[in-house]
Undergrad: 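Provided herewith is a single structure, encoded as structure tokens, for subsequent inquiry.
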Amino acid sequence: MKRRRPIRGKKPELSRSSFLTRVTSRWGSIDADAVRTRLVDVNDGVIAVAGMGLGLAGADVASHTTYAIIILNTVVGALAVFGVRLGEEFAGLEAEQATIAHEQRLLELSPDEELAEMIEWFEHKGVSPETSRTVAEELSAADSLSTQLEIEYGIRERTTPRQAWQESVMAGVGFALGALIPAFFAIVTPWRWHVGSVILAMMASLVVTSVLLARLGHSAIWPTILRSVIVGVSALGISYLLGDLLL
């Protein structure tokens with residue numbers, strides 16, 4: 001007796017609406033603040049290296065020298081951004097650790113006063129005195145230090161040295177990625193067209209990052225694009241004039 005083969009049905013097609021829903025849900029799960037910070041680093045790299053290229057063009061620097069300076073500017077700029085951000089992150093980390101240690105000492109020396117401050121904080125928020133005391137006591141019993149840090153200093157998550165290093169590395173990488181865009185077009189484009197290619201590459205990059213920044217910040221797209229392009233073009237113009245005047 002022959003076995004019957006199972007009837008295979010068609011795979012359900014993903015409708016356009018469901019696809020957009022999935023994309024929208026994933027977009028909403030992105031850490032907007034982190035992405036905005038990275039995009040700002042990218043913009044810094046784009047404008048810095050494009051400005052250097054226009055400054056060298058204004059000074060009529062030879063092609064091989066221009067390429068070398070642009071590459072150096074990309075590398076040194078990324079390292080500088082990394083170093084500055086690393087110093088800022090560890091300074092913030094040390095300040096945060098000092099604040100945590102100070103608050104821990106206060107909780108050990110005067111827990112009743114800290115509890116009273118928490119109750120007062122809830123009352124200022126419009127909570128009744130009875131409910132404020134109940135909530136404050138329950139939160140203190142669960143984790144008094146974390147509660148005090150969040151209420152008094154806004155510290156919800158404690159920064160680790162690994163996070164400080166990661167943030168600094170990402171800042172340097174973001175700058176380098178942005179810087180590579182005008183650097184690439186300046187090098188691969190024929191010399192007689194390299195100024196125009198750098199300007200177009202910078203403007204296209206700023207438009208893309210401005211759209212992303214506007215979407216993440218729920219702001220108007222065109223004003224954001226206009227601001228970024230005006231800043232970028234102004235920086236290039238000033239760089240070109242300085243190169244022409246000083247060199």
Undergrad: Check Gly51 against Ser239 and note the closest heavy-atom contact, atom names and distance.
TA: O-CB, 3.1 Å
Undergrad: Ala57 and Tyr240: which non-hydrogen atoms are nearest, and at how many Å?
TA: C-CE1, 3.9 Å
Undergrad: Arg85 versus Thr37: any side-chain heavy-atom pair under 4.5 Å?
TA: yes
Undergrad: May I ask you to test the Phe122-Leu139 pair for a side-chain heavy-atom distance under 4.5 Å?
TA: yes
Undergrad: Give the C-alpha distance, both sets of side-chain angles, the deciding distance and a yes or no for side chain to side chain contact (heavy atoms under 4.5 Å, CB included) between Val135 and Met118.
TA: CA-CA 9 Å; Val135 173; Met118 193 184 305; over 6 Å; no
Undergrad: With the 4.5 Å side-chain cut-off for hydrophobic clustering, are Leu177 and Leu72 part of the same group?
TA: no
Undergrad: Just to verify, what does Ala59 make a side chain to side chain contact (heavy atoms under 4.5 Å, CB included) with, not counting sequence neighbours?
TA: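 If we apply the side chain to side chain contact (heavy atoms under 4.5 Å, CB included) test to Ala59, skipping adjacent residues, the hits are Val61, Leu247.
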Undergrad: Between the main-chain N or O of Ser168 and the side-chain N or O of Glu89, is there a donor-acceptor pair closer than 3.5 Å?
TA: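 No, the answer is negative, given that no donor and acceptor are paired below the 3.5 Å cut-off.
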Undergrad: Any non-hydrogen side-chain atom of Glu138 less than 4.5 Å from a side-chain atom of Thr134?
TA: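 Heavy-atom side-chain distance check passes, below 4.5 Å.
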Undergrad: With a 4.0 Å cut-off, would you call Glu167 and Arg38 a salt bridge?
TA: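 Arg38 and Glu167: salt-bridged.
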Undergrad: Tell me whether the count of non-hydrogen atoms from other residues, nucleotides or ligands lying under 6.0 Å of CZ in Phe185 goes above 12.
TA: no
Undergrad: Can you tell me how far OG of Ser205 sits from CG of Leu39, rounded to the nearest 0.5 angstrom?
TA: 11.5 Å
Undergrad: Report whether Val198 and Val229 are members of the same hydrophobic cluster (ILVMFWY, side-chain heavy atoms less than 4.5 Å apart, transitive linking).
TA: yes
Undergrad: What I'd like to find out is whether the side chain of Leu212 reaches to under 4.5 Å of the side chain of Arg215, using heavy atoms alone.
TA: no
Undergrad: Report yes if some heavy atom in the side chain of Val46 is under 4.5 Å from a heavy atom in the side chain of Thr209; otherwise report no.
TA: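 The answer is no, as the side chains (C-beta and beyond) never meet within the 4.5 Å cut-off.
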Undergrad: Check whether Glu114 reaches the backbone of Gln148 with its side chain - one donor and one acceptor, N or O, closer than 3.5 Å.
TA: no
Undergrad: Identify the heavy atoms of Gly232 and Leu206 that sit nearest to each other, and give their distance.
TA: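 Scanning both residues completely, I find the closest heavy atoms to be CA-CD1, 4.0 Å.
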Undergrad: Applying side chain to side chain contact (heavy atoms under 4.5 Å, CB included) to Ile199 and Leu236, what does each step give before you reach the verdict?
TA: CA-CA 8 Å; Ile199 295 174; Leu236 295 194; 4.0 Å; yes
Undergrad: Tell me the closest heavy-atom pair linking Ile47 and Ala235, and the distance in Å.
TA: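 It is CG2-CB, 3.8 Å.
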Undergrad: Between Met202 and Val188, is there shared hydrophobic-cluster membership here, with clusters defined by ILVMFWY side-chain heavy atoms closer than 4.5 Å?
TA: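 Same cluster: Met202 reaches Val188 through Ile, Leu, Val, Met, Phe, Trp or Tyr contacts under 4.5 Å.
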Undergrad: Counting heavy atoms not belonging to Phe184, are there more than 12 under 6.0 Å from its CZ?
TA: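 No, because the 6.0 Å sphere around CZ of Phe184 holds 12 heavy atoms or fewer from other groups.
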Undergrad: Rounded to the nearest 0.5 Å, what separates atom CH2 in Trp165 from atom OG1 in Thr160?
TA: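 That separation rounds to 13.0 Å.
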Undergrad: Would you call the rings of Trp191 and Tyr67 parallel, tilted or perpendicular if under 30° counts as parallel and over 60° as perpendicular?
TA: perpendicular
Undergrad: Within a reach of under 6.0 Å around CZ of Arg36, are more than 12 heavy atoms found that belong to other residues, nucleotides or ligands?
TA: yes
Undergrad: Quick one: pull up CD in Gln97 and CD in Gln104 and give me the separation to the nearest 0.5 Å.
TA: 13.5 Å
Undergrad: What's the separation between atom CG in Leu54 and atom CG in Leu242, rounded to the nearest 0.5 Å?
TA: 11.5 Å
Undergrad: Mind checking whether Leu86 and Phe82 have side chains closer than 4.5 Å, heavy atoms only?
TA: yes
Undergrad: Considering all heavy atoms of both residues, which atom of Ala183 and which atom of Ile70 are nearest to each other, and what is their separation?
TA: CB-CG2, 3.5 Å
Undergrad: Please answer: with hydrophobic residues joined when any side-chain heavy atoms are less than 4.5 Å apart, are Val233 and Leu226 in the same cluster?
TA: no
Undergrad: Are there more than 12 heavy atoms of other residues, nucleotides or ligands under 6.0 Å from atom CD of Glu150?
TA: yes
Undergrad: Check the pair Asn43 / Leu213 against side chain to side chain contact (heavy atoms under 4.5 Å, CB included), numbers first and verdict last.
TA: CA-CA 11 Å; Asn43 282 349; Leu213 286 169; 4.1 Å; yes
Undergrad: When you measure from the side chain of His102 to the backbone of Thr99, do you find a donor-acceptor pair of N or O atoms at a distance under 3.5 Å?
TA: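 Answer holds: no.
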Undergrad: Do the side chains of Val211 and Met203 join up, straight or via other hydrophobic residues, at under 4.5 Å, putting them in one cluster?
TA: yes
Undergrad: Please give me the minimum heavy-atom distance between Ala220 and Ala214, naming the atom from each residue.
TA: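 Looking at all heavy atoms of both residues, the closest pair is O-CB, 3.9 Å.
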Undergrad: Carefully, step by step, assess Ile187 and Ile71 under the rule side chain to side chain contact (heavy atoms under 4.5 Å, CB included).
TA: CA-CA 10 Å; Ile187 293 172; Ile71 293 173; 4.1 Å; yes
Undergrad: Do Thr65 and Leu56 have side-chain heavy atoms sitting under 4.5 Å apart?
TA: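 SC-SC contact between Thr65 and Leu56 ruled out.
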Undergrad: Hey, is the main chain of Glu137 close enough, under 3.5 Å, to the side chain of Ser140 for a donor-acceptor pair?
TA: no
Undergrad: If you draw a 6.0 Å radius around CD in Glu108, do more than 12 non-hydrogen atoms from other residues or ligands fall strictly inside?
TA: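 Yes, the 6.0 Å shell around CD holds more than 12 heavy atoms from other groups.
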Undergrad: Is the His124-Trp121 ring centre distance short of 6.0 angstrom?
TA: no
Undergrad: Any side-chain heavy atom of Leu93 within less than 4.5 Å of one from Pro161?
TA: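 When only atoms from C-beta onward are counted, Pro161 and Leu93 do touch, with a gap below 4.5 Å.
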Undergrad: How long is the straight-line distance from OG of Ser128 back to CZ of Arg133, given to the nearest 0.5 Å?
TA: 12.0 Å
Undergrad: Rounded to the nearest 0.5 Å, what separates atom CG in Leu246 from atom CG in Leu241?
TA: 10.0 Å
